[in-house]
2 protein chains.
Amino acid sequence: MSTRRATISDVAREAGVSPSTASVVFSGKTPVTDATRAKVLHAAERLGYAGPDPRAASLRRGRSGIVAVVFEEHLGAAFLDPVKTLMMDGLTDGVAPLGAGLLLLRDHDPSGAGPSLTNAPIDAAVLIGCSGMLRESLAAVSARGIPVVVIEGDAGDGVPRITLDNRDAQRQAASHVKSLGHRRVVLLTLPTRARRPRGWLADDETIEIDVTRDRSLGARDIFPDAPAYAAEASSMDEGFLAAREILSVPAPRRPTAIIAQSDLLAAGAVRAAEDLGIRVPAELSVTGFDGVAVDGLAPHELTTLVQPAVEKGRAAGRVVAAMLEGRPPPVVTFTCEFREGNTTAEPPRG
Amino acid sequence: MSTRRATISDVAREAGVSPSTASVVFSGKTPVTDATRAKVLHAAERLGYAGPDPRAASLRRGRSGIVAVVFEEHLGAAFLDPVKTLMMDGLTDGVAPLGAGLLLLRDHDPSGAGPSLTNAPIDAAVLIGCSGMLRESLAAVSARGIPVVVIEGDAGDGVPRITLDNRDAQRQAASHVKSLGHRRVVLLTLPTRARRPRGWLADDETIEIDVTRDRSLGARDIFPDAPAYAAEASSMDEGFLAAREILSVPAPRRPTAIIAQSDLLAAGAVRAAEDLGIRVPAELSVTGFDGVAVDGLAPHELTTLVQPAVEKGRAAGRVVAAMLEGRPPPVVTFTCEFREGNTTAEPPRG
DNA sequence: TTGTATGCGTTATCAC
DNA sequence: GTGATAACGCATACAA
């Protein structure tokens with residue numbers, strides 16, 4: 001009973017073939033006689049050999065079959081966002097052709113103990129958003145020649161990106177609202193920067209997060225003077241709290257429409273309105289953004305912009321594949337599709 | 001301009017030291033003179049060396065720093081469940097002391113192309129639930145001596161598990177409901193098996209999923225004859241649809257309490273009741289399970305069983321660590337805490 | 001179709 | 001504190 005685990009050479013010896021033959025039996029990269037295959041497989045079974053060690057194989061191949069997904073936030077927070085969840089699904093599909101899996105990484109691991117972009121055996125990295133903390137690891141990663149792609153963010157230099165026509169799309173929704181006749185409109189935005197408490201935006205406040213900025217610009221293209229209220233996160237509860245404040249003014253001055261930057265925020269706004277006895281859409285129109293199925297909003301159906309979240313993930317996978325094969329990464333830009341639900345209507349007369 | 005990437009030996013040569021010294025500079029495992037460290041670091045910089053190759057390191061060390069998390073379902077579906085999300089958070093923490101990260105794996109990859117338990121360079125695996133498809137890979141994995149732990153499931157043999165006192169806990173909630181005076185009670189259960197359409201359970205129907213079975217048993221300990229309706233998934237919308245059917249009987253025969261097996265289902269039931277003009281808790285009591293913050297249920301607060309979801313994840317990390325160090329895996333069983341909210345009350349008189 | 005030889009890039013161990 | 005040596009386990013180019 002040797003204490004050592006069997007290796008492929010042991011199997012080869014036991015089977016009476018050369019190591020390379022045994023290797024080929026497992027990898028299937030070269031035709032092998034049925035007889036030899038059987039010999040090798042039997043030998044493996046006798047020795048309790050469970051197949052080639054992935055660690056050794058990845059050193060030899062120069063590929064680990066692992067793609068890192070880097071989140072800006074706490075993982076729990078990331079998965080609360082249905083768009084990210086869908087993107088992950090797409091990404092899973094997108095890297096499958098590479099035979100790769102996804103390694104979850106936090107942007108700036110607080111513990112410092114965990115794995116990082118710099119010391120994990122990854123073939124490529126996908127960044128979801130791109131905050132400042134990341135820049136340094138990014139340098140190390142590209143120094144190592146590891147492909148990087150960014151979804152919804154800007155990593156500077158020549159890092160390929162998957163982007164969305166946020167500004168155009170939001171402008172489209174705003175136009176719709178305007179064409180219905182609304183004049184008193186409020187923007188309910190995503191966070192403008194990390195850890196900003198919820199509240200009204202000052203006129204000169206800079207918006208650090210790309211998505212928030214672009215969607216705000218789109219809305220302001222149509223309603224240049226609309227006040228904006230930033231939520232602390234993208235969730236129904238945040239939307240609920242924000243809208244309650246937005247709507248807590250006498251009816252004549254109360255906004256007749258809220259342009260929210262995510263479906264979750266919009267859904268929260270709808271519930272807040274109901275809670276205050278304000279009917280949607282008769283007295284208040286609400287638009288969302290994302291086009292995700294919001295759990296618990298039935299029977300309302302948001303007027304929103306449907307973004308191809310799953311496709312974004314898949315595209316990231318394709319970009320990674322291209323770079324890994326030395327092909328130039330394709331430029332990928334997706335567009336949103338406007339979808340009219342039953343949360344928008346003409347403003348009340350008066 | 002060599003086409004080859006610099007290795008640690010190149011750096012060592014350039015710095016005029018031995019490879020082992022250079023290695024030590026990067027790993028920090030042994031004291032090094034400041035002078036030599038500087039020499040090595042400079043050499044590395046000159047050569048554009050970005051640190052040791054993790055693939056080679058993991059072969060040499062026999063550790064990749066990666067722990068697989070295996071889900072039964074599509075990732076998107078998994079993360080719709082707040083309990084799983086919380087567990088992932090805990091797991092992230094739990095494996096951090098190992099310096100490990102999490103690799104997402106689907107139970108039965110439909111494409112067949114993706115990575116699997118058998119060919120990914122992992123140090124350990126955590127199974128969330130444990131469906132049948134998995135058993136074979138499981139064999140291969142344990143043959144390789146890779147530690148495996150199961151959360152909320154049974155992988156047979158000697159695979160350590162992290163479990164919850166589902167039956168006891170559910171019995172506690174049911175007792176509470178009974179002590180309030182309820183007699184017409186309906187169980188709103190989680191799926192009984194994969195892809196079962198929503199609907200009433202037949203008396204003799206077998207429940208394949210452990211969690212569902214255990215919680216049902218707990219409720220039946222108190223209400224042996226309560227009818228049960230199984231949802232298709234754990235979501236508010238499912239709860240909404242299910243409850244609408246459950247409640248669609250004339251008031252005298254209508255249940256006065258619904259014992260739901262998840263907070264999401266319970267929340268959906270509360271909304272369905274509201275939608276039907278049935279007041280909660282005055283006319284209908286609802287209990288949940290999980291104790292997660294349900295986004296969008298305010299101002300209701302569920303009477304529920306709080307389970308330590310994050311702790312379950314952390315515990316899995318600890319179990320893995322123990323096994324990796326050759327220690328016997330601790331047996332981990334968590335208990336839920338009953339929490340009374342404002343969704344339960346005495347049944348209406350009549 | 002099979003075997004031979006080599007190196008993938010590191011780091012643990014031990015001596016110095 | 002530093003250096004020599006020897007694996008780690010495999011897959012491929014090439015020859016047979």
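Naming: A, B, ... by sequence-line order, numbering from 1 per chain. We use all heavy atoms of the structure for the numbers below, so side chains are in, but hydrogens, waters and symmetry mates are not.
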Report summary line: Rounded to the nearest 0.5 Å, the CZ atom of B:Phe334 sits from the OG1 atom of B:Thr163 at a distance of 9.0 Å
Query raised in the report: Of all the nucleotides listed (C:dT2, D:dG9, C:dT4), which has the minimum atom distance to the side chain of A:Thr36?
Result: C:dT2
Requested in this report: Examine C:dT2: is either OP1 or OP2 under 4.0 Å from a nitrogen or oxygen in the side chain of A:Thr33? Give yes or no.
Outcome: yes
**Report entry** Separation of atom CZ in B:Arg61 from atom P in C:dG9, rounded to whole Å
**Finding:** 17 Å
Report task. Using a heavy-atom cut-off of under 4.0 Å over every strand shown, decide if B:Val24 touches base, sugar-phosphate, or nothing. Result -> nothing
Report task. Check every strand shown and say whether A:Tyr49 touches a base, only sugar-phosphate, or nothing at a heavy-atom separation below 4.0 Å. Result -> sugar-phosphate
Report task. Examine the base of D:dA4 for any acceptor or donor lying under 3.5 Å from a partner atom in the side chain of B:Ser20, and report the outcome as yes or no. Result -> yes
Requested in this report: Using side chain to side chain contact (heavy atoms under 4.5 Å, CB included) as the criterion, point out the one residue from A:Leu105, A:Leu103, A:Val150 that pairs with A:Val70.
Outcome: A:Leu105
Requested in this report: Look at the side chain of A:Ser18 and the backbone N and O of A:Thr21, then say whether any donor-acceptor pair between them is shorter than 3.5 Å.
Outcome: yes
Requested in this report: Measure the acute angle between the ring planes of A:Phe79 and A:Phe71, then classify it against the limits of 30° and 60° as parallel, tilted or perpendicular.
Outcome: perpendicular
Query raised in the report: Whole Å only: how far is the CZ atom of A:Arg63 from the C1' atom of C:dG9?
Result: 17 Å
Report task. Give A:Thr7 one of three labels, base, sugar-phosphate or nothing, depending on what nucleic acid heavy atoms sit under 4.0 Å from its own. Result -> sugar-phosphate
Report summary line: note: A:Arg5, atom CZ; D:dA7, atom C1'; distance rounded to Å ~ 18 Å
Requested in this report: Test for a donor-acceptor pair under 3.5 Å between the base of C:dT11 and the side chain of B:Arg60, counting only N and O atoms.
Outcome: yes
Report summary line: Per atom distances to the B:Asp53 side chain, the nearest of C:dG9, C:dT1, D:dT2 is C:dG9
Query raised in the report: Once you round it to whole Å, what is the distance between C1' of C:dG9 and CZ of A:Arg55?
Result: 16 Å
Query raised in the report: Looking across every strand, which nucleic acid part, if any, lies under 4.0 Å from A:Ile8 by heavy atom: base, sugar-phosphate, or nothing?
Result: sugar-phosphate
Requested in this report: Would you kindly give the CZ-to-C1' distance between A:Phe26 and D:dC10, to the nearest whole Å?
Outcome: 12 Å
Requested in this report: Would you kindly give the NZ-to-C1' distance between A:Lys29 and D:dC10, to the nearest whole Å?
Outcome: 13 Å
Report task. Take atom CG of A:Asp10 and atom P of D:dC8, then tell me their distance rounded to the nearest Å. Result -> 10 Å
Report summary line: Test side chain to side chain contact (heavy atoms under 4.5 Å, CB included), reference A:Ile162, set A:Val331, A:Val319, A:Val126, output is A:Val319
Query - C:dT2 phosphate, OP1 or OP2, under 4.0 Å from A:Thr21 side-chain N/O - result: no
Requested in this report: In whole angstrom, give the distance that lies between atom CG of B:Asn119 and atom P of D:dA11.
Outcome: 11 Å
Requested in this report: Name the nucleic acid region contacted by A:Val32, choosing base, sugar-phosphate or nothing; use a 4.0 angstrom heavy-atom cut-off, strictly under.
Outcome: sugar-phosphate
